[in-house]
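For reference, the structure discussed in these notes is given below.
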There are 2 protein chains.
Amino acid sequence: MPEPSYSSERPEASTDAPRADGRVGRRIPEATVSRLPLYYRSLLAVAADRTTTVSSERIAELAHVSAAQVRKDLSRLGSYGTRGVGYEVPQLLRLIRSELGLNETWRVIVVGAGNLGRALSQYEGFRSNDFEISALVDSDPLKIGTNVGKLTIESIDDLDSIVAERDIRISILATPAHAAQQVADRLVEAGVLSIMNLAPAILDVPAGVLVRKADLATELQILSFYQHHGQVDLDTSDTVNGGGVPADQ
Amino acid sequence: MPEPSYSSERPEASTDAPRADGRVGRRIPEATVSRLPLYYRSLLAVAADRTTTVSSERIAELAHVSAAQVRKDLSRLGSYGTRGVGYEVPQLLRLIRSELGLNETWRVIVVGAGNLGRALSQYEGFRSNDFEISALVDSDPLKIGTNVGKLTIESIDDLDSIVAERDIRISILATPAHAAQQVADRLVEAGVLSIMNLAPAILDVPAGVLVRKADLATELQILSFYQHHGQVDLDTSDTVNGGGVPADQ
DNA sequence: GACTGTGAATACATTCACAGCG
DNA sequence: CGCTGTGAATGTATTCACAGTC
């Protein structure tokens, strides 16, 4: 994305300066970061089998990337594999969890209580992954006060206090496109540092704020592109997702 | 994708063979494809102002990419810009629409009538973008027969006939992770060629089938990574999305 | 003069292939 | 011997910078 996909920004994760633990902080490339969740998920699957040791080959198979890619990515985390053996599953899981910042539970605010916003605030996939939806806000007075699961829809006018008091740093923007920029501005003002943008709109935010686009209409258009140009396949290979297209999966 | 994202497959759009119009079919790189929807959206904004001509500079500004990038991307479509002037807005819109395959209306099936699936089947962002949700299926007998907006939830057992009769080629997979692979298999069997996968699962599909991951839990984990490692910003630049991260936006 | 189109330069990402080590 | 870690090689994407042209 692929991006993405996607395309525009220069990340810059980790610094290069020496750190507390004495090791030099490696800069982890964006492409690697975007694969960590895949490895994490693959390792959870392996761990469920009570397997204690795993090879790059096996992880690669589960995550649908090449074994060399896995080794290179993991080595960037300072890797603790054992030559001739593989990686210790529990150790590697801890390492990735900690890199991804999954040792703390992140509180998340959902903005926009339309169908999508309401669905996301109850989405099981989050709860199981160390994220907690702590607020659902909207601007519609008719919705405010209503319950959605365990949440009560609050007013977007209270954004500042909600974000500050609940120490929220991540937001999910699920408003219609026309309201997206305005809402993004308010989120930034309230101190939110990351926005996952589901609205079909391109957001302007100041440096230091992170936007990740998760725009389903765009994704469909990309699928449409490949459908339209018979997306062949060639690549007789092991089908690692279909001679496919996506920068991701 | 960012994201977009991401990683495993080799695309292969357009062929290299000479085509009906005499020009040699250019292979459009995946990165370019993923930006076409952005340009499309930017052009729609420009067109709304009744502007008839637009520069790469202006498109770049709206789409949050560099002007050189815009020119290179557009030139791959065989571009019809005029030096010293810019691009004709209506002409360029037509060109991109047609490249993206948006001249036909694609019929889409949503699998999984949980909160997310139901929300997506009513999502306004699709209707306005040349996609039509023509079916919503689930395996739960209690849901089947129920209405969601104008749709009636149908049984996944009728997948084959639904897909065939309505000529559906694109699907949105919105089931829980544990059912995702099984559902993907059935979709492929029924003849669906593109899957937008919202489930937090890595799918195995045969070559020729396209999967695009739109997995919100993964996206949140990526945001979490950058939050965890103070995502700095450097890049004093024009804020093209916040010293951000995403491969996309 | 203004703006596109594009080679050449650079940066980034993936793959190869093998040395190093348990 | 098996499997990691990693330089070197390749491939892909982005940016630069300018010649071409309306």
Side-chain angles (χ1 to χ4, degrees), chain A residues 1-13 26-35 39 53-61 63-89 91-92 95 235 237 240 245 247-248, chain B residues 1-13 23 26-35 39 53-61 63-89 91-92 95 235 237-238 240 245 247-248:
Chain A
M1 224 257 259
E3 249 139 311
S5 94
Y6 320 83
S7 24
S8 34
E9 262 328 286
R10 221 68 338 273
E12 213 50 75
R26 306 149 297 290
R27 176 170 284 97
I28 299 177
E30 179 183 337
T32 295
V33 173
S34 71
R35 279 186 297 264
Y39 300 152
T53 244
V54 69
S55 66
S56 59
E57 187 72 50
R58 178 70 183 135
I59 298 175
E61 195 181 319
H64 285 198
V65 301
S66 74
Q69 185 81 82
V70 171
R71 292 200 300 277
K72 183 140 282 189
D73 284 340
L74 293 183
S75 78
R76 282 193 248 259
L77 304 184
S79 189
Y80 277 76
T82 310
R83 292 165 202 243
V85 179
Y87 303 89
E88 285 280 323
V89 177
Q91 185 182 41
L92 191 50
L95 178 62
D235 205 301
S237 79
V240 184
V245 170
D248 7 329
Chain B
M1 340 113 103
E3 258 118 42
S5 31
Y6 320 90
S7 27
S8 33
E9 263 327 286
R10 221 65 342 269
E12 214 49 77
R23 293 174 301 154
R26 305 148 296 291
R27 174 171 285 97
I28 299 178
E30 180 183 336
T32 294
V33 172
S34 72
R35 279 186 296 265
Y39 300 152
T53 242
V54 69
S55 65
S56 59
E57 186 73 50
R58 178 71 182 132
I59 298 175
E61 195 181 321
H64 285 195
V65 301
S66 75
Q69 185 81 82
V70 171
R71 293 199 298 279
K72 183 139 283 189
D73 284 340
L74 293 183
S75 78
R76 283 193 246 258
L77 304 185
S79 190
Y80 277 76
T82 310
R83 293 165 200 241
V85 179
Y87 303 88
E88 285 280 322
V89 177
Q91 186 183 39
L92 192 51
L95 178 62
D235 205 300
S237 80
D238 91 322
V240 186
V245 170
D248 10 328

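Naming: A, B, ... by sequence-line order, numbering from 1 per chain.
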Separation of [X] atom [atom1] from [N] atom [atom2], in whole Å?
X	N	atom1	atom2	answer
L74(B)	dG5(C)	CG	C1'	11 Å
R76(B)	dT15(D)	CZ	P	12 Å
H64(B)	dT14(D)	NE2	P	17 Å
E30(B)	dG11(D)	CD	C1'	14 Å
R58(B)	dA2(C)	CZ	P	18 Å
E57(A)	dT15(C)	CD	P	13 Å

Checking dA13(D), dT4(C), dT15(D) against the side chain of Q69(B) (C-beta onward), the nearest is dT15(D)
Among the candidates dT6(C), dA13(C), dT15(D), find the nucleotide nearest to the side-chain atoms of S75(B).
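For the S75(B) side chain, the nearest candidate turns out to be dT6(C).
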Answer whether the closest heavy-atom distance between the side chains of L74(A) and I59(A) falls below 4.5 Å.
yes
Just so I know, are the side chains of D73(B) and V65(B) near enough to count as touching, which here means a heavy-atom distance under 4.5 Å?
no
Heavy-atom nearest nucleotide on DNA chain C for G84(A) versus D73(A): which residue maps closer to 5'?
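In this pair, the answer is D73(A).
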Would you please name every residue forming a side-chain contact (heavy atoms from CB on, under 4.5 Å) with A68(A), sequence neighbours left out?
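side-chain contact (heavy atoms from CB on, under 4.5 Å) list for A68(A), sorted by chain: S66(A), R71(A).
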Can you list everything that forms a side-chain contact (heavy atoms from CB on, under 4.5 Å) with Q91(B)? Sequence neighbours excluded, please.
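By the side-chain contact (heavy atoms from CB on, under 4.5 Å) rule, Q91(B) matches Y80(B), E88(B), R94(B).
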Would you please name every residue forming a side chain to side chain donor-acceptor pair (under 3.5 Å) with E61(A), sequence neighbours left out?
R58(A)
Can a side chain N or O of [X] be found less than 4.0 Å away from OP1 or OP2 on [N]?
X	N	answer
Y87(A)	dG5(D)	yes
S56(A)	dC3(D)	no
S66(B)	dT15(D)	yes
Y80(A)	dG22(C)	no

Taking five pairs at each end, how big is the angle between the two axes of the helix from dG1(C)-dC22(D) to dG22(C)-dC1(D), to 10°?
10°
Return the minimal non-hydrogen interatomic distance between P29(B) and R76(B), and the atom names on each side.
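Shortest heavy-atom contact: CD-CD, 3.4 Å.
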Straight-line distance of Y87(B) OH to T53(B) OG1, nearest 0.5 Å
11.0 Å
Please tabulate, one pair per line, each protein N/O and nucleotide N/O from nucleotides 16-19 of chain C that are separated by under 3.5 Å, including the distance.
| unit_1 | atom_1 | unit_2 | atom_2 | d |
| --- | --- | --- | --- | --- |
| dA17(C) | N6 | R71(A) | NH2 | 3.4 |

